[in-house]
Novice: 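Structure incoming, see below.
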Amino acid sequence: MQWLRRQPPGADLAGALTSQGVALDVAGRHADARPLHEEALAIARRISARYTELEAAGNLVFCLGELGRDADAARAGLRALAGADEVFNAPLASNTAYSLLAIGRLDEAERLYRRVLAGDNASAACAASGKLLEIAARRGAGEAALGAATDAVFAAIARTEVYSVQAGALVAVLNHGRAADARRVLPCLRDEPLYPGLQQRLDEALARHASAAT
């Protein structure tokens, strides 16, 4: 990093900075990660390194969301996505949509999630399918619409082997789908470790359906 800082600011430095920020985010040190993502984003914009800009922006949006600053996260994400017709970055779009959903901007969140669902990033599409089901439920959609959204979740689950992403989408089915769809969840479950928060949400959702069935 010190060697890179002695060179003219470029994409390598920006990439190293945001990668270091991601490591801090993984450790839960989001306040320390934020200035690294912001510096990386500023450098990428200054040198017109578009792919690095989108990567750094996606990491910054995630970091801001973890800090509880979803309005700032959504603003940063939408700015980075503006004029991005030549390339679509699914992680950035997903992180931005997540913050838009958190602040109640459902229409904008839905538009981004639908683009992610239609894209070629199978894991991001799977996560997006669960969020689209949540949006439909929050809008009070009828049984037909909820059924279509639930079917889209299972179709997206079949596209990826990443169990943590599948599990998140299955939680959405358990929380927002129809009662009959809970039976479709069981064959999708695996005996694989999940991070504690996700495992807890999955266990709680399964327990609610087990209680309702008795």
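Quick caveat, the model's predicted, so the values are computed rather than measured.
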Novice: Can you confirm whether the side chains of R208 and N175 place a donor and an acceptor under 3.5 Å from each other?
Specialist: yes

Novice: To the nearest 0.5 Å, what is the distance between NE2 on H176 and CD1 on I135?
Specialist: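 These two atoms lie 10.0 Å from each other.
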
Novice: Measuring from L78:CG to L100:CG, what's the distance to the nearest 0.5 Å?
Specialist: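 Atom-to-atom, L78:CG and L100:CG are 5.0 Å apart.
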
Novice: Could you tell me whether a side-chain N or O of D70 sits under 3.5 Å from a main-chain N or O of A73, the two making a donor and an acceptor?
Specialist: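 Such a contact is absent between D70 side chain and A73 backbone.
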
Novice: Kindly say whether G28 contributes a backbone atom to a donor-acceptor pair with the side chain of E66 at under 3.5 angstrom?
Specialist: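 Absent.
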
Novice: Output yes when a side-chain donor or acceptor of S129 lies under 3.5 Å from a complementary backbone atom of C126, and no otherwise.
Specialist: yes

Novice: Please say which of R29, R34, H30 ends up in a side chain to side chain donor-acceptor pair (under 3.5 Å) with D32.
Specialist: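 Testing each of R29, R34, H30 against D32, the sole residue satisfying side chain to side chain donor-acceptor pair (under 3.5 Å) is R29.
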
Novice: Would you say that more than 12 heavy atoms from the other residues, nucleotides or ligands in this model lie under 6.0 Å from the CZ of R139, or not?
Specialist: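 Yes, CZ of R139 has more than 12 neighbouring heavy atoms, counting only those of other groups under 6.0 Å.
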
Novice: Going by heavy atoms in the side chains, are R190 and Q166 under 4.5 Å from each other?
Specialist: yes

Novice: Should R201 and E204 be marked as a salt bridge (Lys or Arg N to Asp or Glu O under 4.0 Å) after you check the CA-CA gap, both sets of side-chain angles, and the distance that decides it?
Specialist: CA-CA 5 Å; R201 291 197 298 275; E204 289 173 350; over 6 Å; no

Novice: E55 and R50: salt bridge (Lys or Arg N to Asp or Glu O under 4.0 Å), yes or no, with the steps?
Specialist: CA-CA 9 Å; E55 179 186 6; R50 184 60 174 152; over 6 Å; no

Novice: Could you tell me the separation between the OG atom of S99 and the CZ atom of R75, rounded to the nearest 0.5 Å?
Specialist: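 If I round to the nearest 0.5 Å, the distance is 11.0 Å.
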
Novice: Which ILVMFWY residues can you reach from L64 by hopping between side chains whose heavy atoms are under 4.5 Å apart?
Specialist: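 Members besides L64, by chain and number: L41, L60.
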
Novice: Is the side chain of N59 donor-acceptor paired with the backbone N or O of H37 at a distance under 3.5 Å, no angle test?
Specialist: no

Novice: Is the number of heavy atoms from other residues, nucleotides or ligands under 6.0 Å of E192 CD greater than 12?
Specialist: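 More than 12 heavy atoms, drawn from other residues, nucleotides or ligands, come within 6.0 Å of this atom.
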
Novice: Considering all heavy atoms of both residues, which atom of V116 and which atom of A128 are nearest to each other, and what is their separation?
Specialist: CG1-CB, 3.9 Å

Novice: Give a yes or no on whether V61 and Y51 share a hydrophobic cluster (residues Ile, Leu, Val, Met, Phe, Trp, Tyr; joining criterion: side-chain heavy atoms under 4.5 Å apart).
Specialist: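 Shared cluster, yes.
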
Novice: Over all heavy atoms of both residues, which pair between A31 and L67 is shortest? Give the atoms and the distance, please.
Specialist: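 So the two residues come closest at N-CD2, 3.8 Å.
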
Novice: Supply the atom-to-atom distance R178 CZ to R183 CZ, rounded to the nearest 0.5 angstrom.
Specialist: 10.5 Å

Novice: Can you see which heavy atom on A44 is nearest to which on A14, and at what distance?
Specialist: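 Closest heavy-atom pair between A44 and A14: N-CB, 4.4 Å.
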
Novice: If you look at every heavy atom in A56 and T18, which pair is closest and at what distance?
Specialist: CA-OG1, 3.7 Å

Novice: How close do G77 and T96 get, counting heavy atoms only, and between which atoms?
Specialist: CA-OG1, 3.2 Å

Novice: If you round to the nearest 0.5 Å, how far is CG of N121 from CZ of R159?
Specialist: 8.5 Å

Novice: Quick one: CD on E38 to CG on L17, what's the gap to the nearest 0.5 Å?
Specialist: 12.0 Å

Novice: Other hydrophobic cluster members with V185, side-chain heavy atoms of Ile/Leu/Val/Met/Phe/Trp/Tyr under 4.5 Å, chained?
Specialist: L133, L146, V153, F154, I157, Y163, L170, V171, V173, L174, L186, L189, L194, Y195, L198, L202, L206

Novice: Compare all side-chain heavy atoms of L101 with those of R138 and state whether any distance is below 4.5 angstrom.
Specialist: yes

Novice: What pair of heavy atoms forms the shortest contact from R184 to P187, and how long is it?
Specialist: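 Heavy atoms only, the tightest pair is O-CD, 3.4 Å.
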
Novice: Sub-3.5 Å donor-acceptor pair from the side chain of Y113 to the main-chain atoms of Y98, do we have one?
Specialist: yes

